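Fair warning: this is a prediction, and the values are worked out from it, not measured in the lab.
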Amino acid sequence: MDPERPTVLLDHYLKLLKLPTIKREYRIVAAACAKEGHDAIEFLARLCERECLEREQRAAERRIRAAGFPIIKTLDTFDFAAQPSINRPLVTQLMRGEYLGQHENILLMGNPGTGKTHIATALGHAACAQGKHVRFHTVTALVTQLLEARDNRQLERFLKRLARHHLLILDEFGYVPFSKTGAELLFEVLSRAYERMSIILTTNLPFENWTEILGNERLTGALLDRLTHRVHIIEANGESYRLKNAKKRHRRE
Ligand code: ADP
Ligand code: MG
């Protein structure tokens with residue numbers, strides 16, 4: 001292609017067709033193809049590939065923003081050696097996201113500071129990259145929003161919006177007990193999610209103490225039944241990562 005050729009019309013078409021990557025790159029790719037002796041079909045294929053890749057990437061970024069992660073964490077920064085209680089092969093397998101297709105759940109259980117939120121976020125991040133719609137909430141914030149939605153007669157709408165996701169991450173179950181209505185609304189969310197979407201829940205509480213948070217033995221039983229029917233459990237029972245680092249720093253001083 002003659003690089004001096006006027007391309008106003010081409011640029012205009014590409015803008016109308018919403019192909020920004022092709023618009024930006026066709027000159028560079030045309031020059032490369034001319035130099036390497038490729039034909040027009042190869043040229044077109046290369047451009048379309050770039051457009052598709054960028055589109056996919058932008059969509060993944062949008063899904064990550066929409067998920068509402070408190071901080072973006074990935075497994076690259078997770079030190080498994082520092083937390084040997086965590087089943088690394090299981091985490092690695094779950095990162096591939098097959099559990100999402102089966103609507104299976106993941107429970108991350110263990111002491112504070114052992115990386116539960118970190119791993120839950122990394123799994124959510126991977127799911128976004130795999131084309132899934134993800135939503136992250138602390139359990140307390142979700143229950144507050146559910147109560148508000150109910151007071152404003154928006155509950156059904158809120159629940160429907162939540163149900164549009166493939167994965168719901170519920171962080172920090174067990175720190176704050178719920179009111180009776182709060183517990184019932186959480187149950188409603190998990191009930192509707194059952195076999196339709198995946199839940200990742202992090203908690204510091206062993207199952208036998210869940211009634212203390214939910215306030216009702218029957219409801220706890222029913223909730224656990226749904227949550228644990230198809231579940232992968234990751235246990236993290238070591239020392240707090242933050243505490244360990246703080247101690248290390250303290251020893252050095
Ligand atoms: P939890 O949710 O279990 O209380 P977090 O995931 O919030 O713990 O971890 C606390 C902090 O320590 C976070 O900043 C997290 O990234 C970091 N952290 C925890 N465990 C590890 C680890 N094994 N490797 C790297 N960072 C870790
Ligand atoms: Mg946490």
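- Between the side chain of Asn111 and the main chain of Gly238, a donor-acceptor pair closer than 3.5 Å is present.
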Residue pair Leu108, Thr114: steps toward the side-chain contact (heavy atoms from CB on, under 4.5 Å) verdict: CA-CA 10 Å; Leu108 284 141; Thr114 48; over 6 Å; no
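- If you look at Phe43 and His38, their ring centroids are not closer than 6.0 Å.
- Ion pairing of Glu36 with Arg46 is present here, as a side-chain N (NZ or NE/NH1/NH2) and a carboxylate O approach within less than 4.0 Å.
- Look at Glu156 and Arg161 and you find no salt bridge, because none of the NZ, NE, NH1 or NH2 atoms lies under 4.0 Å from a carboxylate O.
- Here the OH-CZ distance, from Tyr99 to Arg230, works out to 14.0 Å after rounding to the nearest 0.5 Å.
- No donor-acceptor pair under 3.5 Å is formed between the side chain of Thr74 and the backbone N or O of Ala122.
- Of the inter-residue distances, the one linking Thr138 atom OG1 with Leu170 atom CG reads 9.0 Å to the nearest 0.5 angstrom.
- Between Phe69 and Phe136, the ring planes are perpendicular. Angles over 60° get that label, and only those under 30° would be called parallel.
- Evaluated for a side-chain contact (heavy atoms from CB on, under 4.5 Å) with Val134, the options Leu167, Ile200, Thr121 yield exactly one hit, Leu167.
- Contact check for Val231 versus Ile199: no side-chain heavy atoms found under the 4.5 Å cut-off.
- Separation of the His133 and His166 ring centroids falls under the 6.0 Å cut-off.
- Using a 4.0 Å cut-off between charged nitrogen and carboxylate oxygen, Arg192 and Glu188 count as a salt-bridge pair.
- Ser179 places a side-chain N or O within donor-acceptor distance of the main-chain N or O of Gly182, the cut-off being under 3.5 Å.
- Across all non-hydrogen atoms, the minimal contact from Met95 to Leu75 is CG-CD1, 3.7 Å.
- Looking only at distances, no side-chain donor or acceptor of His229 sits under 3.5 Å from a matching main-chain atom of Arg226.
- Taking CD1 of Ile28 as the reference point, atom CD of Glu25 lies at 5.0 Å (rounded to 0.5 Å).
- A side-chain N or O of Tyr26 and one of Thr7 form a donor-acceptor pair less than 3.5 Å apart.
- Expressed to the nearest 0.5 Å, how far CZ of Arg150 lies from CG of Leu159 amounts to 11.5 Å.
- A donor atom on one side chain and an acceptor atom on the other are not found under 3.5 Å apart for Ser198 and Asn105.
- For Leu16, the CG atom is densely surrounded, since the number of other residues' heavy atoms within 6.0 Å is greater than 12.
- Contact annotation: the side chain of Asn204 approaches that of Tyr175 to within less than 4.5 Å [non-hydrogen atoms, C-beta and beyond].
- Remark: Glu235 CD to Asn87 CG distance equals 10.0 Å, nearest 0.5 Å.
- In Tyr13, the OH atom is not crowded: 12 or fewer heavy atoms of neighbouring residues, nucleotides or ligands sit closer than 6.0 Å.
- In this structure, Lys180 pairs ionically with Glu184, as a charged nitrogen and a carboxylate oxygen lie closer than 4.0 Å.
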